[in-house]
Amino acid sequence: MAEKPVLHYFNGRGRMESIRWLLAAAGVEFVEKYIETREQYEQLLKDGILMFGQVPLVEMDGMKLTQTKAILSYLAGKYNLYGNDQKERLFIDMYVDGTSDLLSLGLMYIFLEDSVKEKQKEKIKESATNRYFPVFEKVLKGQHFLVGNKFSWADVQLMEAILMTEEFHGDILSCFPNLQDYKERIKQIPTIAKFLQPGSPRKPFPDEKYLKTVKTVLKL
């Protein structure tokens, strides 16, 4: 039996969360080693296993993988979540890039000053409702999944993005009936349903403890 992937990151969402989502969607169990001190991070740097001095870091298949998008692409290909041909992979990449941009707005929220957080929440709403969700609403008309009518990395990340935006604006899908139906379908996929259950590796909305840890470790 192959060893479980080992994820090195903070005990929080950040740039590792999409990796957790994709592994979970593929039904792959993994181990997490949380970075909690500056010393742990410096040891990774000293060992020379962080290619550009950054986490996430995933150890699997005898390799030490860095750079979030490269890790996600590898996982999608390995676990048959990356389309059937080059054209499908192209569309998956385009959809993933879009949802990544939306997710990044939520990712940075915890790091902002309180005085600008409301403005960021409105930016998330405006971006989701005017730029990103209309695209997916149109694509999903008459089909169950985004690409090739088959569950893929693009679906995993869109689901992550939908749930993230709903944390800021609970009625964000009110004008997108196709996305509402899509969300319910994706929630029924066994691996996704399991990941959404309490006690799963899915991380909660970032809190002050997470913020303090990241700032301390990275000297922000």
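Note that the coordinates shown come from a computational prediction; the quantities given were computed from them, not determined experimentally.
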Report yes if some heavy atom in the side chain of [X] is under 4.5 Å from a heavy atom in the side chain of [Y]; otherwise report no.
X      : Y      : result
Leu7   : Lys33  : no
Tyr210 : Arg13  : no
Ser152 : Phe145 : no
Leu179 : Tyr182 : yes
Gln40  : His8   : no
Phe168 : Gln120 : no
Ile172 : Lys125 : yes
Pro206 : Tyr109 : no

Next on the checklist: Under the criterion side chain to side chain contact (heavy atoms under 4.5 Å, CB included), I'd like the reasoning laid out for Leu146 against Leu140: C-alpha separation, chi angles, the key distance, then a yes or no.
Outcome noted: CA-CA 6 Å; Leu146 288 174; Leu140 289 166; 3.9 Å; yes
Does atom [atom1] ([X]) have a neighbourhood of more than 12 heavy atoms from anything else shown, all under 6.0 Å?
X      : atom1 : value
Lys150 : NZ    : yes
Glu113 : CD    : no
Lys123 : NZ    : no

Between [X] and [Y] (side chain of the first, backbone of the second, donor and acceptor by atom type, cut-off under 3.5 Å), is there such a pair?
X      : Y      : result
Gln143 : Asn149 : no
Glu17  : Lys203 : yes
Arg38  : Thr216 : no
Asn84  : Gly148 : no
Asp61  : Met63  : no
Asp207 : Lys209 : yes

Among [options], which residue satisfies the side-chain contact (heavy atoms from CB on, under 4.5 Å) criterion with [X]?
X      : options                : result
Leu90  : Gln86, Met94, Glu88    : Met94
Ser127 : Leu105, Thr165, Asp101 : Leu105
Lys64  : Val58, Leu57, Asp47    : Leu57

Kindly give the heavy-atom pair with the smallest separation between [X] and [Y], and that separation in Å.
X      : Y      : result
Gly83  : Ile92  : N-CD1, 3.4 Å
Leu102 : Met164 : O-CE, 3.3 Å
Arg20  : Gly12  : NH1-O, 2.9 Å
Arg202 : Trp21  : NE-CZ2, 3.9 Å
Ala24  : Phe195 : CB-CD1, 3.3 Å
Val156 : Ala25  : CG2-CB, 3.6 Å

Same hydrophobic cluster for [X] and [Y], using side-chain heavy-atom links shorter than 4.5 Å among ILVMFWY?
X      : Y      : value
Tyr9   : Leu218 : yes
Leu45  : Ile35  : yes
Val116 : Phe205 : no
Met108 : Met16  : no
Leu107 : Val55  : no

Checklist entry - Is the gap between the ring centers of Tyr95 and Phe136 under 6.0 Å? => result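 Yes - the distance between ring centres of Tyr95 and Phe136 falls below the 6.0 Å cut-off.
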Item to check | Test log, rule side chain to side chain contact (heavy atoms under 4.5 Å, CB included), inputs Lys4 and Met60 | outcome: CA-CA 7 Å; Lys4 295 178 181 178; Met60 65 181 296; over 6 Å; no
Point-to-point distance, once rounded to the nearest 0.5 Å, from [atom1] of [X] to [atom2] of [Y]:
X      : Y      : atom1 : atom2 : value
Thr129 : Glu126 : OG1   : CD    : 6.0 Å
Ser73  : Leu81  : OG    : CG    : 12.0 Å
Ile124 : Tyr132 : CD1   : OH    : 11.5 Å
Asn11  : Glu32  : CG    : CD    : 7.0 Å
Leu158 : Phe133 : CG    : CZ    : 6.5 Å
Ile110 : Leu211 : CD1   : CG    : 5.0 Å

Next on the checklist: Using side-chain hydrogen bond (donor to acceptor under 3.5 Å, both in side chains), reason through Thr213 and Glu36 one step at a time and then give a plain yes or no.
Outcome noted: CA-CA 6 Å; Thr213 300; Glu36 298 176 328; over 6 Å; no
Item to check | Under-4.0 Å salt bridge between Lys121 and Glu118 | outcome: yes
Next on the checklist: Under a 4.0 Å threshold between the charged nitrogen and the carboxylate oxygen, would Lys141 count as salt-bridged to Glu137?
Outcome noted: no
Next on the checklist: Can a side-chain donor-acceptor contact be found between Gln54 and Thr66 if the only test is distance below 3.5 angstrom?
Outcome noted: no
Checklist entry - Regarding Gln157 and Ser100, is there a side-chain donor-to-acceptor distance under 3.5 Å anywhere? => result yes
Item to check | CA sep, side-chain torsions, deciding dist, call: Val147, Trp153, side chain to side chain contact (heavy atoms under 4.5 Å, CB included) | outcome: CA-CA 9 Å; Val147 178; Trp153 172 23; over 6 Å; no
Item to check | Intermediate values then yes/no, side chain to side chain contact (heavy atoms under 4.5 Å, CB included), Glu59 and Ile49 | outcome: CA-CA 10 Å; Glu59 295 186 84; Ile49 58 178; 5.5 Å; no
